[in-house]
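Below: one structure, written as structure tokens.
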2 protein chains.
Amino acid sequence: MATIGDVARIAGVSRSTASYALSGKRAISEEVRERVAAAVRELGYTPNAGARALATSQTMVIGLLAQFMEDEFAPAMLQYILGVSNTARELGYDILLVTEEDGTRALRRITDSRMVDGIVLLNVAEDDDRLPILRAASQPGALVGLPADCTGVDVFDLDFEEAGRLMVERLHRLGHRELILVSQPEHVVERGGAYVWRLQNAAVEQAQNRGITLHAVFGSSGQPEVGQQLHAMLDAHPEATGLLINNEAAAAALPTVLHSRGLTAPEDLSVIGRYSDEFARTFSLPFSSVESAPDRLGRMAVRQLVRRIEHSGAATEPHVVRFVSPEFVDRGSVASPRPTSPRHGGRP
Amino acid sequence: MATIGDVARIAGVSRSTASYALSGKRAISEEVRERVAAAVRELGYTPNAGARALATSQTMVIGLLAQFMEDEFAPAMLQYILGVSNTARELGYDILLVTEEDGTRALRRITDSRMVDGIVLLNVAEDDDRLPILRAASQPGALVGLPADCTGVDVFDLDFEEAGRLMVERLHRLGHRELILVSQPEHVVERGGAYVWRLQNAAVEQAQNRGITLHAVFGSSGQPEVGQQLHAMLDAHPEATGLLINNEAAAAALPTVLHSRGLTAPEDLSVIGRYSDEFARTFSLPFSSVESAPDRLGRMAVRQLVRRIEHSGAATEPHVVRFVSPEFVDRGSVASPRPTSPRHGGRP
DNA sequence: CTGAAAGCGCTTACAG
DNA sequence: CTGAAAGCGCTTACAG
């Protein structure tokens, strides 16, 4: 492989001149610039990334820590990863993807060895083990997900409280008076998935404020359990006219459940989910939803991270905690409840 | 950040001794080894990856090129990625994930700059643009997917021909005489997704050999099109008693389609899919299937790649093309056709 | 068993 | 506008 020494020799200049000609960091005569460019072309020269990293202390790589938990719905993760990866590339960075079980060890490894210029943490728990390590690292970090303690990192998340309120408020305004909310599995909450109760608590509170009934339940993250739970909830609350879904697996299972009960949305039941548009397309979900914007969150996290990496002034700027407002995407599954409740349809 | 010089100073030895004490590449007195270990602990020393890469020409990173095509079902990709990522880590390697649209440019960038010790290519097309670049690179490459020309790379893929034969043969033996095969979209074929017609041609041939009818059709990769196509096929061939699915989106859509027609598998229709067990769980697909083994293929590709990277003798060993035999996973959706065809059930 | 030195391939002050 | 040299942090022959 050609080195910058080869380029310099062929161009008839010193290595420093060749380097400057390529980086443009100092004035170079037109003639020399062209000789260097020709040599580069001739040799197919590309700088050695390791050598450059050693000399500049910049790797142009961002570490992406993603954990695939048993109790989380894997396809939903993919969109965050793609949002991060694509944005990073646009800004000139590559992605070191770490899916190791032991996130703390992995994080220490890639930061201590300086393989990366910054870190994006996905799947952040309320009290995340990885955060102390990230704070101690010399590279900046950006999170997707809200921990209890946000010091020292930039944080991006959906405004789950607002999402919970929005879901309840929409249905209340249309005249619904009894709702069911299916959340993520309780394991997720126990592990510290704060977003589950952030949405749920806000929904419960909003329901109280409006004087309506909300039955909240933790759903499973997989089939067939989650389908059975949906049936059970619908059996248990025949007067409920609205269904709120903060659980990807439940959303994916719902069409089959409704179908098998002979129910149609919104005629028999109004439904609002919380997932991304991409997710809705993949699973062809016909339900209106609160957009969870994984690509946008990934993009925001990377942009802020790169600002901190590149703009030395940004290192001292205060860290941000930024919430994306939930947007309601209308897919026609929400309407006023029919005057003659209760619902028809039962478990087949 | 501490360097090996700091370690050496604190341990009271030379840098080379510190280095050897850590690598174990030459005999070190017990006492010195312990002083070095203590210094490492005290400083929290971790070698700088860039410096090590420069000195050893080994980055301990594997490049993973994954393309997310519009007409492919993204969740299916994830399992290949995880198989590769997890196996790489077990073997001591990290993953540079590249999802760039322009795969050839990306490949050139990461190989020329020596960011990686080897390359895993996913989504390999029959005549893949990236292959000439990979062959020209100094790093070894392993593919998941079968191109027309396998020279200079190690290739791993499901035996799609065998899968096609197996699907037809199973149903033929049970007495089925008219089958429908839904393949991936025609775009995938045009782009060079050879596996589509490898399975299809083998299925068609096997049907001919057995003297039975096989209606082959290209399905769409998304909803609602693919659901409508399934309906159309079932409408068009009321005598067909078996359905073969080589299309993830079609498989995911099928439960709803069958349900809405009032059909049950295997009573009204025998169904065999071609997807992974993990995929079946995620989408709770109740159909027997030919296992596509993405995790196993990813694992095989990485193992072979690491062999070539680490064992210099392996560099000259002949390249391999290895097919994973399709395994039939029984989920109870296959049985003898009922004596009184035709099928009941129509588009609702 | 250990140390001094060269070298990996860059970038960037320093000097002219 | 250009060059000679130092340095980034490692590893590994070479020498003892």
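Chain letters run A, B, ... following the sequence lines, proteins first, then strands; residues in each count from 1. These values consider heavy atoms only, across backbone and side chains, with no hydrogens, waters or symmetry-generated copies.
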Got a donor-acceptor contact below 3.5 angstrom from the B:Asn123 side chain to the B:Gln67 backbone? yes
Hey, is B:Arg299 close enough to B:Glu90 for a salt bridge, meaning N to O under 4.0 Å? yes
A:Ile119 and its side chain to side chain contact (heavy atoms under 4.5 Å, CB included) partner, picked from A:Leu305, A:Ile62, A:Leu143, A:Ile110: A:Ile110
Between A:Ile309 and the options A:Gln304, A:Gln139, A:Gln58, the side chain to side chain contact (heavy atoms under 4.5 Å, CB included) test singles out A:Gln58
Between the side chains of B:Arg303 and B:Thr87, does any donor sit under 3.5 Å from an acceptor? no
Can a donor-acceptor pair be found between the side chains of B:Thr59 and B:Asp117 at a distance below 3.5 Å? yes
Heavy atoms from C-beta onward define the side chain here; which of D:dG3, C:dG3, C:dT2 lies closest to that of B:Ser29? C:dT2
Can you confirm whether more than 12 heavy atoms, excluding those of A:Arg105, are under 6.0 Å from its CZ atom? no
Would you kindly give the CG-to-P distance between B:Asp6 and D:dC8, to the nearest whole Å? 11 Å
What is the distance, rounded to the nearest whole Å, between atom CZ of B:Arg9 and atom C1' of C:dG3? 17 Å
Given D:dC8, is OP1 or OP2 found less than 4.0 Å from the side-chain N or O atoms of A:Ser57? no
Which helical stems does DNA chain C take part in, if a stem means at least 3 consecutive Watson-Crick or G-U pairs with both distances below 3.5 Å? C:1-3 with D:14-16, C:5-12 with D:5-12, C:14-16 with D:1-3
Considering residues at least two apart in sequence or located in another chain, which fulfil the salt bridge (Lys or Arg N to Asp or Glu O under 4.0 Å) criterion with A:Asp94? A:Arg89, B:Arg109
Using a 4.0 Å heavy-atom cut-off to protein, can you give one letter per nucleotide of nucleotides 9-16 of chain D, 5' to 3': B if the base is in contact, S if only the sugar-phosphate is, - if neither? BBBBBB--
